[in-house]
**Student:** 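Pasting in a structure now, in structure tokens, and then I'll have a few things to ask.
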Amino acid sequence: MPTFDEAILVSDIAHGRIGGISLDTTAFDRYQCNLQAPALLGLAQFLGSKTQFILSDVVAGEIKSHVARDAANAKQELLSALREVRHRWRRPVDSKAIEVALGLEQPTQDFAEDYFDVFAGVTKPDLISADGRVTHAEILRRYFAPEPPFSTKDRKKSEFPDALALLSLESWAADNKTLVLVVSRDGDWQTFAGARQAGSDPLPRRRFPARLKEKI
């Protein structure tokens, strides 16, 4: 699979040859799912351009799940620390009042939904649903073949969300007769892209140098 430098990428975007840009969960995890990170909010630059910011609904769900998980862990660590303070300092600590003062009484899943909605309100991603784009038959065929994103060595249940996300993005690209640039650190995603580039797929995927991926 060919490697393209930054100048070619910029040219392809400027000339409308790349109709969509998408990120997988690993790209968000690089920023610990801090959706206020300038690099992630910078995706708003594609608003009104020929390149749409698109996001698989699977990835969106994983982002919210990670945010909720981390928020729950942080809250638990705080409560544990407050109990330790109460025990070591022998002083009363009103943990509930502290929760309310910090706004931590909101369920973590609700917080994650609200947090993602703020990000989506700024960047306006087109959420791509797997419904109607990916069939169970195709997922199972790839699993038993096996074909990317399923590994030939260690097929894991965790690869099923990857398959749903990748095939739905591929379907979107086919419908729009364009290329999609996907930013990912996931080896299975890169393997899938490589397989599509090497095959007869009319929508070739491109792999970009590491220094370019670092910008997002």
Side-chain angles (χ1 to χ4, degrees), residues 1 18-31 33 35 40 43 46-47 51-69 108-110 112-152 154-207 213 216:
M1 180 167 54
I18 296 178
I21 181 170
S22 191
L23 285 71
D24 85 331
T25 311
T26 63
F28 288 91
D29 282 344
R30 180 191 172 207
Y31 297 96
C33 287
L35 302 183
L40 296 178
L43 290 162
F46 295 104
L47 288 172
T51 303
Q52 289 181 252
F53 170 35
I54 62 177
L55 200 61
S56 162
D57 62 347
V58 173
V59 172
E62 288 180 334
I63 293 168
K64 288 182 276 191
S65 176
H66 290 192
V67 169
R69 176 201 64 199
T108 55
Q109 192 58 51
D110 291 348
E113 291 282 351
D114 292 345
Y115 188 53
F116 181 83
D117 287 347
V118 172
F119 168 75
V122 174
T123 58
K124 300 288 193 298
D126 185 2
L127 293 179
I128 309 301
S129 173
D131 288 343
R133 292 188 176 276
V134 184
T135 66
H136 289 90
E138 176 61 10
I139 295 291
L140 290 175
R141 186 191 69 78
R142 287 177 175 272
Y143 178 76
F144 288 112
E147 292 181 11
F150 296 104
S151 170
T152 57
D154 184 20
R155 283 175 287 173
K156 305 181 293 291
K157 292 181 179 179
S158 60
E159 292 172 333
F160 278 90
D162 288 341
L164 288 170
L166 284 164
L167 292 175
S168 61
L169 292 176
E170 182 178 59
S171 173
W172 183 92
D175 286 350
N176 289 275
K177 298 180 173 60
T178 189
L179 296 172
V180 173
L181 170 64
V182 176
V183 180
S184 173
R185 293 185 164 197
D186 189 295
D188 291 331
W189 281 56
Q190 293 179 7
T191 298
F192 178 89
R196 307 314 288 163
Q197 179 69 32
S200 58
D201 183 16
L203 298 171
R205 302 302 190 268
R206 297 177 177 179
R207 183 177 182 177
K213 294 179 185 176
I216 297 182

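All of these numbers come straight from a predicted model, not from anything done at the bench. All heavy atoms count here, side chains included; hydrogens, waters and symmetry mates do not.
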**Student:** Mind checking side-chain contact (heavy atoms from CB on, under 4.5 Å) for Val118 and listing every partner two or more places apart, or none if nothing turns up?
**Tutor:**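 In terms of side-chain contact (heavy atoms from CB on, under 4.5 Å), with neighbours along the sequence ignored, Val118 is linked to no residue.
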**Student:** Side-chain donor-acceptor contacts of residues 18-25 below 3.5 Å, not counting sequence neighbours, with atom names and distances?
**Tutor:**
{"unit_1": "Ser22", "atom_1": "OG", "unit_2": "Ile54", "atom_2": "O", "d": "2.8"}
{"unit_1": "Asp24", "atom_1": "OD1", "unit_2": "Thr26", "atom_2": "N", "d": "3.1"}
{"unit_1": "Asp24", "atom_1": "OD1", "unit_2": "Thr26", "atom_2": "OG1", "d": "2.5"}
{"unit_1": "Asp24", "atom_1": "OD1", "unit_2": "Ala27", "atom_2": "N", "d": "3.3"}
{"unit_1": "Asp24", "atom_1": "OD1", "unit_2": "Ser184", "atom_2": "OG", "d": "3.4"}
{"unit_1": "Asp24", "atom_1": "OD2", "unit_2": "Thr26", "atom_2": "OG1", "d": "3.1"}
{"unit_1": "Asp24", "atom_1": "OD2", "unit_2": "Ser184", "atom_2": "OG", "d": "2.8"}
{"unit_1": "Thr25", "atom_1": "OG1", "unit_2": "Glu62", "atom_2": "OE1", "d": "2.4"}

**Student:** With Leu164 as reference, evaluate Val134, Val59, Asp57 under the side-chain contact (heavy atoms from CB on, under 4.5 Å) test and give the passing residue.
**Tutor:**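 So, applying the side-chain contact (heavy atoms from CB on, under 4.5 Å) to Leu164 and each of Val134, Val59, Asp57, only Val134 qualifies.
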**Student:** Given Ile128 and Val58, is the side-chain contact (heavy atoms from CB on, under 4.5 Å) satisfied, shown in steps?
**Tutor:** CA-CA 9 Å; Ile128 309 301; Val58 173; over 6 Å; no
**Student:** Under the rule for ring-ring contact (aromatic ring centres under 6.0 Å, His included), what residues qualify as partners of Tyr115, not counting sequence neighbours?
**Tutor:**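 Only Phe111 meet the ring-ring contact (aromatic ring centres under 6.0 Å, His included) criterion with Tyr115.
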**Student:** Once salt bridge (Lys or Arg N to Asp or Glu O under 4.0 Å) is applied, do any residues pair with Glu113, and if so which ones, sequence neighbours excluded?
**Tutor:**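 Glu113 satisfies salt bridge (Lys or Arg N to Asp or Glu O under 4.0 Å) with Lys64 once adjacent residues are dropped.
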**Student:** Measuring from atom CD of Gln52 to atom CH2 of Trp172, what distance do you get when rounded to the nearest 0.5 angstrom?
**Tutor:**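 Reported value, rounded in 0.5 Å steps: 4.5 Å.
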**Student:** Test of understanding: with side-chain contact (heavy atoms from CB on, under 4.5 Å), list the residues that count as partners of Leu47, not counting sequence neighbours.
**Tutor:**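 With neighbours one apart ignored, the set is Ala44, Lys124.
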**Student:** What verdict does the side-chain contact (heavy atoms from CB on, under 4.5 Å) test give for Trp189 and Leu166, after you've listed the backbone C-alpha separation in whole Å, the side-chain angles of each residue and the deciding distance to 0.1 Å?
**Tutor:** CA-CA 8 Å; Trp189 281 56; Leu166 284 164; 3.3 Å; yes
**Student:** Check the pair Phe192 / Phe150 against side-chain contact (heavy atoms from CB on, under 4.5 Å), numbers first and verdict last.
**Tutor:** CA-CA 9 Å; Phe192 178 89; Phe150 296 104; over 6 Å; no
**Student:** Roughly how far, to the nearest 0.5 Å, is the CZ atom of Arg133 from the OG atom of Ser56?
**Tutor:**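 The CZ atom of Arg133 is 10.5 Å from OG of Ser56, to the nearest 0.5 Å.
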**Student:** Is Asp29 paired with Arg185 through a side-chain N to carboxylate O contact shorter than 4.0 Å?
**Tutor:**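 Result for this pair is no, no salt bridge flagged.
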**Student:** When rounded to the nearest 0.5 angstrom, what distance separates CZ in Phe28 from CG in Leu55?
**Tutor:**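 Phe28 atom CZ to Leu55 atom CG measures 5.0 Å (nearest 0.5 Å).
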**Student:** If the condition is salt bridge (Lys or Arg N to Asp or Glu O under 4.0 Å), which residues does Arg141 pass it with, not counting sequence neighbours?
**Tutor:**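 Arg141 satisfies salt bridge (Lys or Arg N to Asp or Glu O under 4.0 Å) with Glu138, Glu147 once adjacent residues are dropped.
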**Student:** Partners of Asp117 by side chain to side chain donor-acceptor pair (under 3.5 Å), sequence neighbours excluded?
**Tutor:**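 With sequence neighbours excluded, Asp117 shows a side chain to side chain donor-acceptor pair (under 3.5 Å) to no residue whatsoever.
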**Student:** Nearest 0.5 angstrom please: Ile63 CD1 to Leu40 CG, how far?
**Tutor:**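 If I round to the nearest 0.5 Å, the distance is 8.5 Å.
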**Student:** List for me each residue that meets side chain to side chain donor-acceptor pair (under 3.5 Å) alongside Asn176, sequence neighbours excluded, and say none if there are none.
**Tutor:**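 Here no residue qualifies.
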**Student:** Would Thr123 and Phe46 satisfy side-chain contact (heavy atoms from CB on, under 4.5 Å), going step by step from the backbone distance to the final call?
**Tutor:** CA-CA 8 Å; Thr123 58; Phe46 295 104; over 6 Å; no
**Student:** State, yes or no, whether a side-chain contact exists between Arg69 and Thr108 at a heavy-atom distance under 4.5 Å.
**Tutor:**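 Not in contact.
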**Student:** Can a donor-acceptor pair be found, under 3.5 Å and without considering hydrogens, that links the side chain of Thr191 to the backbone of Gly187?
**Tutor:**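 Side chain of Thr191 to backbone of Gly187: a pair is present.
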**Student:** Tell me, please, which residues at least two apart from Asp131 pass side-chain contact (heavy atoms from CB on, under 4.5 Å).
**Tutor:**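 Expected list: Ser129.
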